[in-house]
Amino acid sequence: MPELPEVETMRRGIADVVGGTIVETRFPVISCKPIAVSPARPTLARQLRGATIERLDRIGKRLVIRLCHARALVIEPRMTGLLLLANPPDEGHLRVGWRLEGVPVDWLWFWDRRGLGTLQLLSDKQLVARYGPGKVGPDALAVTVDILRAQLAASRREIKVALLDQRAIAGIGNLYASEILHVAKVSPFTPCHQITIPQWRRIADATRSVLEEAVKYEGSTLSDGTYRNALNQNGGYQNHHRVYDRAGQDCPRGCRSQVQRGVQAQRSTFWCPRCQVLRKTNRA
DNA sequence: CCCCAGTCCTGCGGGC
DNA sequence: TGCCCGCAGGACTGGG
């Protein structure tokens, strides 16, 4: 599932499209339900024709293709979306293709097995209104203890649930939230308002180190094989997961306890009950 | 505002 | 063996 490291890997992987001009937008005929695009397909194709790609940005888990004339194509891969330069896993789930001129890359593709991904063509003004500061939180790769506390310390939510809130911090999803809290040695069930400053510091440090490491290994390809880089190759970080999808296995910290699985906000949480103890605190 | 549950979507694996 | 159900979790929405 593309989270920050996977989207960042996509961004780097398609860097060759920068400077290219979109000469055609193609929607391959597919048997499954089409993905949501805005504006509607014919308009989108017409408005993209002749557009030059100026830069690639990332806002949390969204990829932003900056275009000439102060426009931006916002791509949300959500669960199974991929940006590819070649070798789609199958032809049946290719959703959109862009033919480019002026760069070594002929085609950029959006492939999405489940089809939950979305595309939006926005003006720069609309982009800021929808995804600017205030709408989407600070990027998780640049998080500090002060940012974390400012965004989350007053909340009564459990920290694992709060870390998934993109308005608070942008880029963390279900997989990396569990990984971060294991490295930080903080129980995922700790209410935010009970977290101590040393714990916030460890969460901030772990957020950056886990995500940086995951970017270095080009993201996580899970057993369902969904996430791939721009050339349809596996990421490598799944071999470095500490707790995610490792229920029953020994804690990698060597504490001789086993990784547990639980559910928070209808999503799986993995943690070590010995390294991530929920401490009872006395409330005033 | 805060928080939860439901919704979208497809493929896969467990259970019968 | 085949079928069906539930799960996977991105973002969003409606309701309490």
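Keep in mind that the numbers below use all heavy atoms, side chains included, and drop hydrogens, waters and symmetry copies. Protein chains get the first letters and strands the later ones, always in sequence-line order, with residue 1 at the start of each.
Residues forming a ring pair (Phe, Tyr, Trp, His ring centres under 6.0 Å) with A:Trp271 (at least two apart in sequence, or on another chain): A:Phe189. Listed by chain and residue number, A:Tyr244 satisfy the ring pair (Phe, Tyr, Trp, His ring centres under 6.0 Å) test with A:Phe270 (two or more places apart in sequence, or in another chain). Not counting sequence neighbours, the partners of A:Trp109 by the ring pair (Phe, Tyr, Trp, His ring centres under 6.0 Å) test are A:Trp107. In this structure A:Arg71 satisfies the salt bridge (charged side-chain N to carboxylate O under 4.0 Å, His left out) test with no other residue, sequence neighbours excluded.
With salt bridges taken as basic N to acidic carboxylate O contacts below 4.0 Å, one links A:Glu8 and A:Arg12. Ion pairing of A:Arg66 with A:Asp124 is present here, as a side-chain N (NZ or NE/NH1/NH2) and a carboxylate O approach within less than 4.0 Å.
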(request) Could you summarise the pairing of DNA chain C as dot-bracket text, marking Watson-Crick and G-U pairs under 3.5 Å with ( ) or [ ] inside the strand and | across strands? (result) .|||||||.|||||||
For residues 73-82 of chain A, tabulate all N or O donor-acceptor pairs below 3.5 Å that involve a side-chain atom, not counting sequence neighbours.
{"residue": "A:Glu76", "atom": "OE1", "partner": "A:Arg78", "partner atom": "NE", "Å": "2.8"}
{"residue": "A:Glu76", "atom": "OE1", "partner": "A:Arg78", "partner atom": "NH2", "Å": "3.1"}
{"residue": "A:Glu76", "atom": "OE2", "partner": "A:Arg62", "partner atom": "NE", "Å": "2.8"}
{"residue": "A:Glu76", "atom": "OE2", "partner": "A:Arg62", "partner atom": "NH2", "Å": "3.2"}
{"residue": "A:Thr80", "atom": "OG1", "partner": "A:Asp112", "partner atom": "OD1", "Å": "2.5"}
{"residue": "A:Thr80", "atom": "OG1", "partner": "A:Arg114", "partner atom": "N", "Å": "2.9"}

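Residues in residues 165-177 of chain A take part in these side-chain hydrogen bond (donor to acceptor under 3.5 Å, both in side chains) pairs, two or more places apart or across chains: A:Glu6-A:Tyr176, A:Arg157-A:Asp165, A:Lys160-A:Asn174, A:Asp165-A:Arg167, A:Tyr176-A:Ser220.
Remark: A:Arg78, A:Met79 in residues 77-91 of chain A come within less than 4.0 Å of DNA chain C through at least one heavy atom. Of all the residues in residues 129-140 of chain A, not one reaches under 4.0 Å from DNA chain C with any non-hydrogen atom. Near DNA chain C, meaning a heavy atom under 4.0 Å away, the residues from residues 168-182 of chain A are A:Gly173, A:Asn174.
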Check: protein-nucleotides 2-6 of chain B nitrogen or oxygen pairs below 3.5 Å:
{"residue": "B:dC3", "atom": "OP1", "partner": "A:Arg156", "partner atom": "N", "Å": "3.4"}
{"residue": "B:dC3", "atom": "OP1", "partner": "A:Arg157", "partner atom": "N", "Å": "3.0"}
{"residue": "B:dC3", "atom": "OP2", "partner": "A:Arg157", "partner atom": "NE", "Å": "2.7"}
{"residue": "B:dA5", "atom": "N7", "partner": "A:Gln266", "partner atom": "OE1", "Å": "3.3"}

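Of the side-chain N and O atoms in A:His93, none sit less than 4.0 angstrom from OP1 or OP2 of B:dC9.
Taking a heavy-atom distance under 4.0 Å as the criterion, the stretch of DNA chain C touched by chain A extends 5' to 3' from C:dA8 to C:dC12.
Remark: A:His69 NE2 is loosely packed, at most 12 non-hydrogen atoms of other residues, nucleotides or ligands lying under 6.0 Å away.
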